[in-house]
Protein chains: 2
Amino acid sequence: MRIGELAKATGTKAETIRYYEREGILPAADRTDSNYRDYSDNHLAALTFVRRARQLGFSMAQVRELLDLSDRADKPCQEVDELVHEQLEEVEQRIVDLLSLRDELRLLLRSCQANRIDECRIVGSLARPLGRVTR
Amino acid sequence: MRIGELAKATGTKAETIRYYEREGILPAADRTDSNYRDYSDNHLAALTFVRRARQLGFSMAQVRELLDLSDRADKPCQEVDELVHEQLEEVEQRIVDLLSLRDELRLLLRSCQANRIDECRIVGSLARPLGRVTR
DNA sequence: TATGCACCTTGTAGCAACTACAAGGTCAAG
DNA sequence: CTTGACCTTGTAGTTGCTACAAGGTGCATA
């Protein structure tokens with residue numbers, strides 16, 4: 001299959017696929033006589049793997065690790081487990097951070113009672129460091 | 001005060017402060033005889049404002065808008081309100097996204113029962129598109 | 001046969017918001 | 001008078017793409 005077809009099949013832009021190849025994330029494809037990339041089903045599987053891992057929030061470096069690990073069929077999968085664990089913890093931390101961000105923004109919204117900007121507590125609140133929004 | 005002092009006072013790196021100046025987010029400072037930047041309390045207030053807005057997740061473009069608005073003391077603060085609202089909605093969306101990411105990662109972790117990578121469901125799950133992790 | 005159009009190629013530059021140098025100037029203390 | 005901490009400018013790197021530009025290919029249609 002050509003790059004456009006693979007792109008459509010995986011919901012990836014052709015440019016991104018070429019980028020992955022440059023970065024060594026995907027193996028280079030065969031070429032047709034006219035120098036077009038010619039992909040196999042293995043490429044389709046690999047790209048699906050990569051995209052899914054990226055959607056799950058893994059970094060490119062982590063995806064590389066996952067790819068390396070998934071080639072070692074005989075090894076224990078403890079390392080894969082650890083990578084997923086790490087990622088889960090990061091995501092959980094980001095959630096905690098965003099929740100407190102959300103609370104701050106809600107407070108900020110409630111603090112605007114005035115009509116004019118110079119009386120607006122939002123603008124005033126921004127001029128103070130974080131954590132002292134209330135009063 | 002010099003740039004290092006301002007940096008310490010606001011928890012910003014000196015390089016970031018110079019970057020803000022280049023970007024027009026902060027007004028240029030006066031210079032000493034030896035060409036060092038010399039900051040006033042107004043700069044301290046402005047930088048605090050900027051950093052706080054950034055910590056709240058506002059983009060540089062939004063910070064610019066907020067700064068412009070906060071200068072128009074006589075205007076109604078409806079626009080400020082709208083910006084905060086927008087940002088709140090974005091944060092809430094990011095939270096929703098991350099929550100479902102977290103669930104996916106948890107499922108993935110539970111799916112690893114095997115010991116060898118070629119029997120590990122995690123690796124297998126990654127090879128399938130999102131949304132079909134379970135079974 | 002020509003020509004239009006969708007597709008492909010490479011290479012380079014841009015995005016956000018910094019961060020990290022390098023190479024050199026300034027200033028106070030010892 | 002030298003050491004060290006600070007400052008200056010300028011440039012390049014980070015992450016993960018995305019967007020061109022300039023040109024080649026392949027196929028259907030006039």
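In what follows, every chain begins at residue 1, and chains take the letters A, B, ... in the order their sequences are listed. Both backbone and side-chain heavy atoms feed into the values below; hydrogens, waters and symmetry mates do not.
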Expressed as a whole number of angstroms, how long is the span from [X]:[atom1] to [N]:[atom2]?
X: A/Ile3; N: C/dA6; atom1: CD1; atom2: C1'; result: 15 Å
X: B/Asp38; N: C/dC27; atom1: CG; atom2: P; result: 13 Å
X: A/Tyr20; N: D/dG16; atom1: OH; atom2: P; result: 9 Å
X: B/Met1; N: D/dC7; atom1: CE; atom2: P; result: 11 Å
X: B/Asp33; N: C/dT26; atom1: CG; atom2: C1'; result: 12 Å
X: B/Lys8; N: D/dA5; atom1: NZ; atom2: P; result: 12 Å
X: B/Asn35; N: D/dT8; atom1: CG; atom2: P; result: 7 Å
X: A/Glu21; N: C/dG11; atom1: CD; atom2: C1'; result: 14 Å

Has the side chain of A/Tyr36 got a donor or acceptor that lies under 3.5 Å from a partner of the other kind on the base of D/dG24?
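Indeed there is one.
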Please state whether the base of D/dC20 and the side chain of A/Glu15 form at least one donor-acceptor pair under 3.5 Å?
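Indeed there is one.
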Should [X] be listed as having a side-chain N or O under 4.0 Å from OP1 or OP2 of [N]?
X: A/Thr32; N: C/dC8; result: no
X: B/Arg51; N: C/dC18; result: yes
X: B/Lys13; N: C/dA17; result: no
X: A/Thr16; N: D/dT18; result: yes
X: B/Tyr19; N: C/dA16; result: no

Could you please spell out the steps behind the side chain to side chain contact (heavy atoms under 4.5 Å, CB included) verdict for A/Leu107 and A/Asp103?
CA-CA 6 Å; A/Leu107 266 176; A/Asp103 293 347; 5.9 Å; no
Closest heavy-atom contact between B/Tyr20 and B/Arg54?
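Where B/Tyr20 meets B/Arg54 most closely, the heavy atoms are OH-CG, 4.1 Å.
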By nearest atom, which of the nucleotides [options] is closest to the [X] side chain?
X: B/Met60; options: D/dG26, C/dA17, D/dC17; answer: C/dA17
X: A/Arg54; options: C/dA20, C/dA17, D/dC17; answer: D/dC17
X: A/Arg31; options: C/dT9, C/dT26, D/dT25; answer: C/dT9
X: B/Arg2; options: D/dC7, C/dA17, D/dT8; answer: D/dC7
X: A/Arg22; options: D/dT18, D/dC7, C/dC8; answer: D/dT18
X: A/Arg18; options: C/dC27, C/dT9, C/dA17; answer: C/dT9

Between atom CG of A/Asp97 and atom CZ of A/Arg102, what is the distance when rounded to the nearest 0.5 Å?
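If we round to the nearest 0.5 Å, A/Asp97:CG and A/Arg102:CZ are 13.0 Å apart.
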Which distance, rounded to the nearest 0.5 Å, do you find between the CZ of B/Arg37 and the NE2 of B/His43?
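Going from the CZ atom of B/Arg37 to the NE2 atom of B/His43 covers 10.0 Å.
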For B/Arg37, answer base if it contacts any base atom (sugar-phosphate contacts may also be present), sugar-phosphate if it contacts only those atoms, and nothing otherwise; contact means non-hydrogen atoms under 4.0 Å.
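If one applies the 4.0 Å heavy-atom cut-off, B/Arg37 turns out to touch the sugar-phosphate alone, with no base involved.
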Taking any heavy-atom pair under 4.0 Å as a contact, classify B/Ser59: base, sugar-phosphate, or nothing.
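Sugar-phosphate: the residue B/Ser59, judged by heavy atoms under 4.0 Å, touches backbone atoms but no base.
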CA sep, side-chain torsions, deciding dist, call: B/Glu5, B/Lys8, side chain to side chain contact (heavy atoms under 4.5 Å, CB included)
CA-CA 5 Å; B/Glu5 231 177 314; B/Lys8 203 169 279 178; 5.9 Å; no
Looking only at side chains, do A/Gln93 and A/Glu89 share a donor and an acceptor under 3.5 Å apart?
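Side chains of A/Gln93 and A/Glu89: no pair found under 3.5 Å.
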